[in-house]
There are 2 protein chains.
Amino acid sequence: MIDVVIADDHRLMLESLAEALDSIPDIRVVATASDGRELIDAAREHRPRVLLVDIDMPQVTGIAALRELPGDVPAIVVTMHTGETERHQAQAAGAVGFLSKATPLPDLAAAVRAAAAGEDMMNLDELDEVLSRHRSPQLDAGAASLTAREREILRLLAQGVSATDELADVLFISQKTVKNHLANIYDKLAVADRAQAAVEAIRLGLHKEER
Amino acid sequence: MIDVVIADDHRLMLESLAEALDSIPDIRVVATASDGRELIDAAREHRPRVLLVDIDMPQVTGIAALRELPGDVPAIVVTMHTGETERHQAQAAGAVGFLSKATPLPDLAAAVRAAAAGEDMMNLDELDEVLSRHRSPQLDAGAASLTAREREILRLLAQGVSATDELADVLFISQKTVKNHLANIYDKLAVADRAQAAVEAIRLGLHKEER
DNA sequence: GGTGCGATAGGTCGGACGGCCTATGGTCCG
DNA sequence: CGGACCATAGGCCGTCCGACCTATCGCACC
């Protein structure tokens, strides 16, 4: 689980991004800030693994805030202004990444994971390669070891198909097999019953998957 | 359920906002667009109840797109540039609302509900009053009639407390009472068991509530 | 060509769950 | 005051669930 603090002066951006990142299973937004001052305070108080920082902020800019903060927490600068000047300022202030606000959300998530893993993303030639190495969420041992069939059953659970006979009908297998898969799922996710498995499945985002 | 189409040229904003709004129980994002052209196509194809439109977009701006679209779908303009010029252009193009990107997310959700209800939000003096009338999500009959105790139990379910005896212990009531509440919850939400109730509880956002 | 693993399936069993009914005390409101 | 609603609680019953064990088939990897 990667703890993140986000700073952006547009509340709509700040709150939407916080909500969206928080719904990613391996990322948790522990605090948000609307200017550089709040960012510095939040970073000191919550000790996150990664900072996401906008440049344009009233009073203290993102760049200025980064200069005040110790370099022990990797910071990704996210900005509308992707000129070389801003880029160099960000780099000089200690940023490990510099992304445009045109970046797709999954790429930002990948950048957060990369930053948490100690990667540097200031080299544009390597950026794509670094991001692609961190595209998939780093799930905990249990969730990561789920088989395709088990994920399928979890997906159905998260979508409201909970009865054994319904699951068996949808999957064209016997009720017995459904129960076996469920038992394995309970083991891997360390839960006790369908209700808890459904909660966990939704946390993992399985309810959004199609087919 | 209010179907919405969002247009914004910054993918991070677009995708984050889509994710955040979609997680609100009475709002569904049916399509997103990165420029005015896509917005026009998406509006025609998906026939949403409300449009959320950024002004600054390449090729065809939000204002230009609104001018091309029939006025039968209410549009809310969301922009960084809140000058009188933009305001008047938006109004002339048929927008029913004009909000800054500094607007808090809950206010935007309220504006979406207001727009879906046919309200006009172009009068700044009435804006606060109109928004406050639409703050709470319009839940369907079942969810709206839940009692405090029932919501409490649903919240626990959504947070992974599923066993009758655990629920009884946490709430300091007998297991029998827990089962009675659950039976009433199943009725109101039209579900059959705890797993489905938990799924519904998360959809309603109860898992985020404290205490 | 084993060895391992996943998907399939069956049996048994005790306990948990959900459906249905009744009942009491409290609160709020007309 | 009476009615409506809620939280609390108990009983009964049939069904479903989860735990534990065994077993076969197919596929992939070495």
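Residue numbering restarts at 1 for every chain, and letters A, B, ... go by the order of the sequence lines.
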Which protein N or O atoms sit under 3.5 Å from an N or O of nucleotides 5-15 of chain C?
unit_1	atom_1	unit_2	atom_2	d
C:dA7	OP1	A:Thr147	OG1	3.0
C:dA7	OP1	A:Arg149	N	3.2
C:dA7	OP2	A:Thr147	OG1	2.8
C:dT8	OP1	A:Arg149	NE	3.2
C:dT8	OP1	A:Arg149	NH2	2.8
C:dT8	OP2	A:Arg149	NE	3.1
C:dT8	OP2	A:His181	NE2	2.7
C:dA9	OP2	A:Ser174	N	2.5
C:dA9	OP2	A:Thr177	OG1	3.0
C:dA9	N7	A:Asn180	ND2	2.6
C:dA9	N6	A:Asn180	ND2	3.1

Side chain to side chain donor-acceptor pair (under 3.5 Å) evaluation trace for B:Ser174 with B:Thr177: CA-CA 5 Å; B:Ser174 85; B:Thr177 306; 3.3 Å; yes
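- By the side-chain contact (heavy atoms from CB on, under 4.5 Å) test, A:Ala95 pairs with A:Leu66, A:Val77, A:Ala90, sequence neighbours left out.
- Among residues two or more places apart in sequence or in another chain, the side-chain contact (heavy atoms from CB on, under 4.5 Å) test is passed with A:Glu152 by A:Arg149, A:Arg155, A:Leu171.
- Here C:dG18 presents its P atom at 12 Å from CD1 of B:Ile153, a figure rounded to the nearest Å.
- Judged by distance alone, the side chains of B:Ser34 and B:Asp9 never bring a donor and an acceptor atom under 3.5 Å apart.
- Heavy-atom minimum distance, B:Leu206 versus B:Gln159: O-NE2, 4.2 Å.
- Every residue meeting the side-chain contact (heavy atoms from CB on, under 4.5 Å) condition with A:Asp72, not counting sequence neighbours, appears here in chain and number order: A:Arg47, A:Pro70.
- Remark: A:Asp165 engages A:Ala163, A:Gln175 in a side-chain contact (heavy atoms from CB on, under 4.5 Å) (not counting sequence neighbours).
- Atom-to-atom, CD of A:Gln196 to P of C:dA16 comes out at 15 Å; the value is rounded to the nearest Å.
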Between the protein and nucleotides 28-30 of chain D, which nitrogen or oxygen pairs come in under 3.5 angstrom?
none

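- Side-chain contact, A:Arg87 with A:Thr79: no donor N or O sits under 3.5 Å from an acceptor N or O.
- Between the OH atom of A:Tyr186 and the C1' atom of D:dC20 there is a distance of 15 Å, rounded to whole Å.
- Distance B:Leu182 CG to C:dC17 P: 9 Å, rounded to the nearest Å.
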